[in-house]
Amino acid sequence: MNAWIVVCDFDGTISINDVGNELHRLKKPDSFKSLQADYRASKMTLIELQEAMWNNFPMGEFEIKKAAVKWKTLRKGANAFFEYCAEASVPVFIASCGIETYINSVLSEALSPKANSCIEAVEANKAIYEGNTILRLKPPFNTVGCPYPMNKGAWARKMRDEMFPHAKILAIGNGSSDKSFAGCVDLIAATDGLATWCSKEKIPHIAFESFDELLEKNIFQTGEEPS
């Protein structure tokens, strides 16, 4: 019986960079600047932003895989944390509003084989390609009324209930779509903007900067209470 599962965001959480943003900035810098400005000004939702970014985007699957590894730097301690999960038989699920193509490329390149072995599934946008173009994205798991491209909290519970029904869920994230973890998981480890939001909204969480801190807290054994 697994006591825990981990459901973890990718862009900005496992990876230092938001790889999707970097790819968009690389190919369409003017579009990237204007769309990000509109998003920050709340002129468009995250769902609308992603549609505008990726519909008819001029990169094919091979090019994306090759380019993505330029931004393969991981958050400090990521390899050690996921290797620990492999040793402790803690299954890991990647929940992302990014694109599956570049996520798998970076994970296979930057994580050790041992660290990769704990990953049960990756749920993210799937790109529909035609030649050297992304025509559109096929969205990941979502629920009616969710304001984000993926309801990560609902998917975390679905994975737990279907595969490890007696396990607790540790969710790890950094950004806006990770807010959907709140109320759906047993423990949130939050960094960057998610940590700020959790503190402001009084959402119980463990703040962290590096995955080393999560290992030092030994949360799978101690069940440390979030602040």
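Here the structure is a predicted model, which means the values were calculated and not measured.
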*Test K217 against D212 for salt bridge (charged side-chain N to carboxylate O under 4.0 Å, His left out), laying out the working first.*
CA-CA 9 Å; K217 290 177 183 296; D212 290 331; over 6 Å; no
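- Put simply, F32 and Y39 are part of two different groups of oily side chains (I, L, V, M, F, W, Y) that touch within less than 4.5 Å, one to the next.
- Grouping the Ile, Leu, Val, Met, Phe, Trp and Tyr side chains by contacts below 4.5 angstrom, directly or via other members, places I5 with M163.
- Checked by atom type and distance alone, the side chain of E201 never pairs as donor or acceptor with a backbone atom of W197 at under 3.5 Å.
- With hydrogens and angles left out, the side-chain atoms of Q50 and N125 include a donor and acceptor closer than 3.5 Å.
- Surrounding NZ of K43 are at most 12 heavy atoms belonging to other residues, nucleotides or ligands under 6.0 Å away.
- The closest side-chain heavy-atom distance from C8 to I14 is below 4.5 Å.
- Summarising the local packing, CD of E162 is surrounded by more than 12 heavy atoms from other residues, nucleotides or ligands at distances under 6.0 Å.
- Proximity of a side-chain donor or acceptor of N142 to a complementary backbone N or O of P149 within less than 3.5 Å is detected.
- Note that CZ of F208 is 9.0 Å distant from CD1 of I219, once rounded to the nearest 0.5 Å.
- Looking only at distances, a side-chain donor or acceptor of R75 sits under 3.5 Å from a matching main-chain atom of T13.
- V7 is not listed as a side-chain neighbour of L170, based on a closest heavy-atom distance of 4.5 Å or more.
- Here the side chains of T101 and K65 are in contact, with some heavy-atom distance below 4.5 Å.
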_Test side-chain contact (heavy atoms from CB on, under 4.5 Å) applied to L46 and S176, step by step_ = CA-CA 9 Å; L46 183 55; S176 59; 4.1 Å; yes
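- For D11 (side chain) and V19 (main-chain N/O), a donor-acceptor pair under 3.5 Å exists by modelled atom type.
- M59 and V69 are assigned to two separate hydrophobic clusters, defined by single-linkage of ILVMFWY side chains at heavy-atom distances under 4.5 Å.
- Residues meeting the ring pair (Phe, Tyr, Trp, His ring centres under 6.0 Å) test with Y129, sequence neighbours left out: none.
- In this structure, N17 contributes its side chain and W71 its backbone to no donor-acceptor pair below 3.5 Å.
- Residue-environment remark: CG (D38) exceeds the threshold of 12 foreign heavy atoms within 6.0 Å.
- How far CG of L135 is from CD1 of I128: 8.0 Å, rounded to the nearest 0.5 Å.
- Atom SG in C97 sits 8.5 Å away from atom CD1 in I47 (nearest 0.5 Å).
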*Start with the C-alpha distance between I203 and I188, add both sets of side-chain angles, then the distance that settles side-chain contact (heavy atoms from CB on, under 4.5 Å), and finish with yes or no.*
CA-CA 9 Å; I203 304 295; I188 296 175; 4.2 Å; yes
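- Applying the side chain to side chain contact (heavy atoms under 4.5 Å, CB included) test to T73 and every residue at least two apart in sequence or in another chain returns I16.
- Within the 4.5 Å cutoff, side-chain heavy atoms of C85 are placed close to those of F220.
- Applying the 6.0 Å contact sphere to NZ of K28 captures more than 12 heavy atoms from other residues, nucleotides or ligands.
- Judged by distance alone, the side chains of S96 and E123 never bring a donor and an acceptor atom under 3.5 Å apart.
- In this structure, M159 and F164 have side chains that are not in contact, with every pair of non-hydrogen atoms separated by 4.5 Å or more.
- Checking N174 against T191 by side-chain atom types alone, no donor-acceptor pair falls below 3.5 Å.
- Side-chain contact between I99 and I134 is present, with heavy atoms from C-beta onward closer than 4.5 Å.
- Atom CD1 of residue I103 and atom OG of residue S108 lie 12.0 Å apart, to the nearest 0.5 angstrom.
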_Candidate pair Q36 and M53, rule side-chain contact (heavy atoms from CB on, under 4.5 Å), full reasoning_ = CA-CA 10 Å; Q36 291 294 324; M53 285 175 63; 4.2 Å; yes
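- With hydrogens and angles disregarded, no donor-acceptor distance shorter than 3.5 Å links the side chain of N104 to the backbone of V122.
- The residues E63 and K66 are annotated as not salt-bridged, no charged nitrogen and carboxylate oxygen being separated by less than 4.0 angstrom.
- A donor-acceptor pair under 3.5 Å is formed between the side chain of S180 and the backbone N or O of S177.
- Contact detail for A190 and H205: the closest heavy-atom pair is CB-CD2, 4.1 Å.
- Between E100 atom CD and S105 atom OG the span is 12.0 Å, to the nearest 0.5 Å.
- Partners of F81 under the ring pair (Phe, Tyr, Trp, His ring centres under 6.0 Å) rule, at least two apart in sequence or in another chain, are F211.
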*Derivation of the salt bridge (charged side-chain N to carboxylate O under 4.0 Å, His left out) call for E83 and K114*: CA-CA 6 Å; E83 285 185 352; K114 182 177 180 180; 5.1 Å; no
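- The closest donor-acceptor contact from the side chain of E51 to the backbone of E48 lies at 3.5 Å or more, if one exists at all.
- Looking only at distances, no side-chain donor or acceptor of D178 sits under 3.5 Å from a matching main-chain atom of I172.
- In this structure, I169 and C184 approach most closely via the heavy-atom pair CD1-O, 4.1 Å.
- Looking at L107 and I94, their side chains come closer than 4.5 Å, going by heavy atoms from C-beta outward.
- Using the six-membered ring where Trp is involved, W54 and Y102 have ring planes that are tilted, between 30° and 60° apart.
- S15 has its side chain out of reach of K72: every pair of non-hydrogen atoms, C-beta onward, lies at least 4.5 Å apart.
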*Are K152 and D9 close enough, and set up right, to give a side-chain contact (heavy atoms from CB on, under 4.5 Å), and what steps lead you there?*
CA-CA 9 Å; K152 297 181 181 181; D9 174 52; 2.9 Å; yes
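- Annotation: the span from S117 atom OG to I119 atom CD1 amounts to 8.5 Å, rounded to 0.5 Å.
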